[in-house]
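Just below is one structure, and these are the notes that go with it.
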Amino acid sequence: QVQLVESGGGLVQPGESLRLSCAVSGSFLGFDNWAWFRQAPGKQREWVARITIGGTTNYADSVKGRFTISKSGPENTVYLQMNSLKPDDTAVYYCNTVETGYSWGRGTQVTVSS
């Protein structure tokens, strides 16, 4: 019965920023390693960022230096800060665990266009 609800997406111009949120219900966030994924039109879902139980992070080369993944135990929420956005970042963004793999949420749409 774990539910994942992504939010924070929207339409922005190149170079602008967005902060995505993943609200987790039905489980304590601190029990799992977490990740963000994205799926662009006509492409497969790809991994973007990870954060471990202990707080270690890593990123796909395409977003390294621009995106930051973080989490809040009291809020039971995973975040993705996205800076210097590019048109190629346009996609539906999803969160999930690395080790358990809960049912996918609906994602949140990010559109970067001038």
Summary of ring-ring contact (aromatic ring centres under 6.0 Å, His included) pairs that have at least one residue in residues 9-34, sequence neighbours excluded: Phe28-Phe31

Expected output: side-chain Tyr93 to main-chain Ser7 donor-acceptor under 3.5 Å: no

Joint cluster assignment, Leu85 & Tyr59, ILVMFWY side-chain distance < 4.5 Å: yes

Remaining members of the apolar cluster that contains Trp47, side-chain heavy atoms under 4.5 Å: Phe37, Val92, Tyr94, Trp104

Approximate separation, where rounding is to 0.5 Å, of Glu6 CD and Cys22 SG: 5.5 Å

In one Ile/Leu/Val/Met/Phe/Trp/Tyr side-chain cluster, 4.5 Å: Phe67, Val12: yes

Residues which pass salt bridge (Lys or Arg N to Asp or Glu O under 4.0 Å) with Arg66, listed by chain and number, not counting sequence neighbours: Asp89

Test salt bridge (Lys or Arg N to Asp or Glu O under 4.0 Å) applied to Glu75 - qualifying residues, sequence neighbours left out: none

Atom CD of Gln39 with >12 non-hydrogen neighbours under 6.0 angstrom: yes

Contacts of type salt bridge (Lys or Arg N to Asp or Glu O under 4.0 Å), residue Lys43, not counting sequence neighbours: none

Verify same cluster id: Trp36, Val2 (apolar side-chain graph, 4.5 Å): yes

Ile69 versus Ala35, closest heavy-atom pair with distance: CD1-CA, 4.4 Å

Donor-acceptor pair, side chain of Asn96 and main chain of Tyr102, under 3.5 angstrom: yes

Nearest atoms (heavy-atom pairs only) where Leu80 meets Ala49: CD1-CB, 4.2 Å

Minimum side-chain heavy-atom gap Gln3-Ser25 below 4.5 Å: yes

Exam field: side chain Asp32 to backbone Thr52, donor-acceptor pair closer than 3.5 Å: no

From OG (Ser21) to NZ (Lys71), nearest 0.5 Å: 15.5 Å

Check: Ser72 side chain, Asn76 main-chain N or O, donor-acceptor pair, under 3.5 Å: no

Single-linkage hydrophobic cluster, 4.5 Å side-chain cutoff, Leu20 and Val5 together: no

Exercise: identify the closest heavy-atom pair between Arg38 and Ser62: NH2-OG, 3.4 Å

Heavy-atom closest pair, residues Thr90 and Pro41: O-CD, 4.3 Å

Minimal non-hydrogen separation, Asn83 against Ser17, with atom names: OD1-OG, 2.9 Å

Thr56/Ile51 under side-chain contact (heavy atoms from CB on, under 4.5 Å): CA gap, chis, key distance, verdict: CA-CA 5 Å; Thr56 301; Ile51 186 165; over 6 Å; no

Would you give me the side-chain donor-acceptor pairs under 3.5 Å for residues 106-114, sequence neighbours excluded?
residue	atom	partner	partner atom	Å
Thr108	OG1	Gly9	N	3.0
Gln109	NE2	Ala91	O	3.4
Gln109	NE2	Thr111	OG1	3.4

